[in-house]
Structures are given as C-alpha cells and as structure tokens.
Asks: 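Can you read through this structure? Questions will come right after.
Naming convention: chains lettered A, B, ... in sequence-line order (proteins, then strands); numbering from 1 in each chain.
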Amino acid sequence: MCAMTPRPRHEQGTGNGTAQGQAASGGSTGVAPPGQASGGSTGVAPPGQAERKAVLAAEEIRRALSRIAHEILERTHGGDQVVLLGIPTRGVPLARRLAARISSFEGAIVPVGSLDVTLHRDDLRLRPARALRRTEVPPDGIDGKTVVLVDDVLFSGRTIRAALDALNDLGRPRAVQLAVLVDRGHRELPIRADYVGKNLPTAHREVVRVLLEETDGEDSVLLGEQVAE
Amino acid sequence: MKRHLISAADLSREEAVLVLDTAAELASVAGRPIRKLPTLRGRTVVNLFYEDSTRTRTSFEAAAKRLSADVINFSAKGSSVAKGESLKDTALTLEAMGSDAIVIRHGASGAPHRLAGWVTGSVINAGDGTHEHPTQALLDAFTIRQRLGSGDQHGADQRGTALDGVRVTIVGDILHSRVARSNVLLLSTLGAEVALVAPPTLIPHAVSSWPCKVSYDLDAELGKSDVVMMLRVQHERMTAAYFPSIREYSRRYGLDAGRMALLPEHAIVMHPGPMNRGVEIAAEVADSPRSTIVAQVANGVTVRMAVLYLMLGGAGESL
C-alpha cells in the first residue's frame with residue numbers, strides 16, 4: 001500500500017450512531033428557523049457532544065436533486081446509455097431519487113445500481129476490517145455506458161478514487177461522471193464533481209452529515225464540530 | 001474477528017453472521033470478468049499442510065490470491081520436516097520470511113492451538129486431527145443459508161439472518177470427524193437443531209456435552225431433516241473394527257435413492273468431500289439436484305475469502 005499522509009477523518013462520517021443521536025437531541029431538524037441555522041448557537045448540546053446546524057433543509061435537497069437530474073439529462077443528451085451507481089450508504093438512495101426524477105422529467109428509464117468501495121479503500125489497514133455493503137450492477141452492465149457515481153459528500157476524494165478502482169474491475173464504461181449532494185472541499189486527490197448539489201465551505205475539523213428519509217427518517221444536511229473522543 | 005480461528009466455538013453468533021454476510025458480498029466477485037480484489041495486497045499467507053488435502057488447500061490458495069495476497073504453499077512432504085524439524089521451528093522459519101497468517105492442517109489435534117502461542121501472525125485452522133475444521137463449518141452454514149434461507153440465490157435479503165430452527169442431521173463417522181465437531185458447534189451457535197446419527201461405535205464418548213442430540217436410526221431422522229450431511233468413513237484413522245463390514249454400514253447408514261425419498265421436499269444433501277461413492281452416499285444421490293456438493297466447493301472459496309479479509313484486511317480486531 002502506498003505511503004499515506006495522515007489520514008483525514010472518514011469522508012462523510014457515516015454509520016456514526018452518536019452523530020444521529022445528536023441531530024435528534026439538538027433539535028436541528030431540516031426545518032430549523034433561519035436565525036437558528038445561521039447563528040450556529042442552537043440549544044444546549046449535551047456535554048462532550050458538539051452541536052450541529054442544518055445547512056440544507058428538505059426542500060433545498062429536493063431542489064438540488066431536481067437540478068442535478070436536469071443537468072444529467074442535459075450533459076448526457078437525454079440520459080441515453082446512462083447508469084447511476086450509488087456509493088453506500090447514502091449514495092444509493094440519492095441515485096434512486098435521481099433516477100426517479102430523470103424518468104419523471106423525460107420518461108427515460110435509467111438503470112440504478114450500487115457500488116461498495118470498501119475493498120478498494122486506501123485506509124483499510126488503519127482500522128479494523130469493516131462489514132461490506134452491497135455491490136449491485138444493473139443487468140446490462142456498464143461496458144460502453146456513461147456511469148454517474150453518486151455520493152452524499154465529497155471530501156478528500158479518496159472514496160471516489162476507490163470507486164474508480166472498483167469500477168475498473170467491473171467493466172469499461174465509456175465515461176465516468178460524479179454527482180454529489182454536498183462538496184465540502186479539502187480535496188487530497190485530483191478529483192472533482194461534475195454535478196454538485198451545494199458547495200459548502202467547511203473547516204477541516206468540521207463534520208458534514210447527510211440525513212436521508214430512506215436511511216435516517218428525515219432529509220437534512222448538518223454541519224458541526226467533530227466530537228472529541 | 002479474533003486474531004486466530006482455531007475452533008468454530010471461537011465465533012460468537014454475531015461474528016459468524018458477519019462472516020456469512022461478508023461471504024455473500026464476496027460471492028459476486030466469482031461472476032465478474034476480473035476475479036481479483038486488491039484488498040490484501042502486500043500480505044503473505046502461508047499454507048502449512050502436514051496432511052494431504054485437495055480442496056481445502058487449493059480453496060485457501062484461491063481465496064488468498066483473489067484478495068491479492070501472496071501465497072506460500074508448504075507441504076510436509078519433501079521439506080525439512082522429513083529431516084526431523086519440529087512444527088515450532090518450521091513455523092518460526094516461515095514467519096521469519098514475513099508471513100502474516102498461517103493456514104495449518106495437521107494430523108495432531110491441537111497443533112494449531114500450540115502454533116498460535118508461538119507466532120505473532122494469525123493462525124487459521126484448516127483441520128487438525130479429529131478435532132476441528134472451522135472454515136468447513138462456515139462454508140456449510142453458508143451453503144445451508146443460501147439454499148434454505150429466504151431471498152434470492154445471491155443472499156441479498158439473507159443479510160443478518162442465522163439458521164434458527166433449521167434441522168440438520170449429520171450422519172456417519174462422527175468419532176473421527178473434525179467436520180462434525182465444528183459443524184455441531186457452529187450450527188448450534190447459529191440456532192440450528194443438530195442431530196447426529198451413527199453406529200454407537202462411531203459416536204465420541206463426550207458427545208453428551210455437545211449441543212446436539214444423538215440417534216442410531218437414520219430412517220427415523222430423515223423425515224424431520226431440512227439438511228442431511230453425510231460424512232466419509234475415515235478408514236485411515238480407524239485403528240479398530242468399528243463395524244462388521246462396509247456393506248453392512250452402507251445398508252444401515254448410507255444414503256441411497258430410497259432413503260433420499262424419505263426427506264422432506266425442500267431438504268438438501270451435503271457432503272464435505274472427498275466422497276466414497278457407494279459407501280456413505282450413492283452416486284445417484286451425490287449427482288441429484290438436491291446435492292450441494294459442488295456448491296460447497298465454490299462456496300469454500302468465498303467463505304475463506306471472507307475469513308481472510310476479516311482477519312487480515314484491517315488493523316486490530318473487527319468485532
């Protein structure tokens with residue numbers, strides 16, 4: 001394995017049970033009042049837990065996805081030969097939503113799949129082995145198609161590098177594009193997104209957390225400080 | 001996972017289900033144009049085999065190679081073992097060459113356990129004497145879940161499920177079988193009800209402490225079995241006369257087409273291999289659609305990939 005710079009925090013902080021708990025206890029749901037969201041001084045966070053503010057509400061996520069769906073149609077000339085591959089966990093429901101919008105806008109049926117990148121990550125040896133998520137390639141495969149990778153947060157770019165490697169083993173797409181709900185900056189690799197829901201300037205120590213109806217019961221993007229361990 | 005895998009009893013229910021779920025994901029690799037993952041690049045797995053083996057050694061080798069690990073195959077024949085080198089010295093020599101895991105098969109029960117105390121890497125038991133063979137039990141459990149569980153063949157909807165309530169009957173030479181012991185331990189951990197059927201001479205003395213029931217009448221058990229697992233009669237380990245003749249054994253404890261008809265409609269027939277056709281299993285049974293014998297071999301590779309990934313893929317213990 002290559003020599004690595006000190007590893008950044010996990011790109012999207014997924015699977016962190018405490019983070020979800022905070023979101024609920026902090027009352028920072030998707031419909032936080034404007035003052036609350038901009039002031040960044042919501043409620044009283046429990047000791048040892050950082051507070052989080054909502055930076056994208058449910059309707060903003062909806063609009064961003066609709067715009068991305070239109071952009072995909074525009075850039076791929078009607079969604080012909082497009083395959084959407086979501087990166088688990090939250091990229092998968094996002095890919096499904098994009099596909100549903102694309103078909104409702106223009107009637108094009110876009111195949112959706114999922115691509116687990118765990119086995120291709122460059123930080124495997126820094127943590128205990130992780131459980132694998134599903135990889136599901138649409139029946140027609142990806143050879144010659146335009147694959148749009150879909151993820152919730154773009155951070156260091158390492159997940160996408162792993163995804164490109166994983167894709168390489170599955171076939172040879174004509175082109176690969178990237179759609180993310182949030183681009184929070186701090187790239188460590190020469191990777192950029194083709195479709196961005198929201199560019200979110202963040203500090204390196206901050207945590208961006210995407211909540212989705214399908215996985216978390218609500219739609220919202222939260223920004224907070226990293227919890228000291 | 002733990003650092004070592006010596007006994008099927010080392011695995012908790014959660015860990016065993018994690019291995020099965022991981023294997024279910026890795027199974028898709030076998031159907032891809034490129035059957036290779038970079039996950040264990042730069043790691044070395046030593047296959048240390050003191051006993052003959054076809055499927056276990058090649059299965060571990062294929063599993064390690066599909067995960068990009070380097071594999072060193074060592075068989076006691078034609079090595080310094082013939083010159084009198086001890087297990088400890090052989091293992092330390094191999095470890096000094098940079099092995100991260102040792103997969104060991106040995107004729108002496110307990111050899112992997114001793115080995116785990118001497119080396120710093122992981123030890124995986126690939127069969128020790130008449131004691132245990134945990135990866136065989138894992139692949140059997142995986143095959144049972146794949147064939148009898150809900151959901152499709154790829155195990156998509158089987159994630160997280162165990163084998164609760166599945167009735168498994170293990171038939172044959174229990175006394176000399178490491179496969180039987182590991183299966184009893186693992187399948188009961190996963191919630192299955194295990195019954196052993198054998199002539200009284202081929203049942204171990206300590207069986208009363210095992211989490212299973214014992215019967216001497218195969219026909220009575222077949223009707224209430226979801227899975228029947230036939231074991232090979234291990235002539236090479238038999239030091240006394242355990243039954244009058246092969247023919248008599250075959251008539252009372254062999255699975256032929258007539259006996260197979262007693263099984264419920266959905267039941268499957270398993271055999272860990274190598275088979276003695278015509279002794280414990282009739283050829284027409286081994287080749288029937290109910291037989292999972294070929295699937296077991298294919299699943300062996302994916303289950304061993306899962307074990308190697310969980311033991312070597314990360315840093316520290318994953319559970």
Asks: With a 4.5 Å heavy-atom cut-off, do A:Asp169 and B:Lys36 have their side chains touching?
Replies: no

Asks: What's the shortest heavy-atom distance between B:Gly313 and A:Ala129, and which atoms?
Replies: C-CB, 4.5 Å

Asks: Any chance you could measure B:Thr39, atom OG1, to A:His120, atom NE2, to the nearest 0.5 Å?
Replies: 6.0 Å

Asks: Please assess A:Arg125 against B:Leu312 for the test side chain to side chain contact (heavy atoms under 4.5 Å, CB included), listing each intermediate value before the final yes or no.
Replies: CA-CA 9 Å; A:Arg125 296 222 186 151; B:Leu312 299 179; over 6 Å; no

Asks: Measuring heavy-atom distances to chain B, does A:Asn168 have an atom under 4.5 Å in its side chain, in its backbone, in both, or in neither?
Replies: backbone

Asks: Just by modelled atom types, is the A:Leu119 backbone N or O under 3.5 Å from a matching donor or acceptor in the B:Tyr309 side chain?
Replies: no

Asks: Is it true that, when you exclude B:Arg114 itself, more than 12 heavy atoms of the residues, nucleotides or ligands shown sit nearer than 6.0 Å to its CZ?
Replies: no

Asks: In plain terms, say whether A:Arg134 and B:Glu25 are close enough for a salt bridge, that is, a side-chain N and a carboxylate O under 4.0 Å apart.
Replies: yes

Asks: Is the CZ atom of A:Arg96 crowded by more than 12 outside heavy atoms at less than 6.0 Å?
Replies: no

Asks: With a cut-off of 6.0 Å (strictly less than), are more than 12 heavy atoms of other residues, nucleotides or ligands near CZ of A:Arg172?
Replies: no

Asks: Looking at B:His113, I'd like to know if its NE2 atom is crowded, meaning that more than 12 non-hydrogen atoms belonging to other residues, nucleotides or ligands lie closer than 6.0 Å.
Replies: no

Asks: Kindly indicate whether the side chain of A:Leu132, heavy atoms from C-beta on, has any atom under 4.5 Å from the side chain of B:Asp21.
Replies: no

Asks: Is the count of non-hydrogen atoms from other residues, nucleotides or ligands lying under 6.0 Å from B:His266 atom NE2 greater than 12?
Replies: yes

Asks: What pair of heavy atoms forms the shortest contact from B:Leu18 to A:Ala131, and how long is it?
Replies: CD1-CB, 3.7 Å

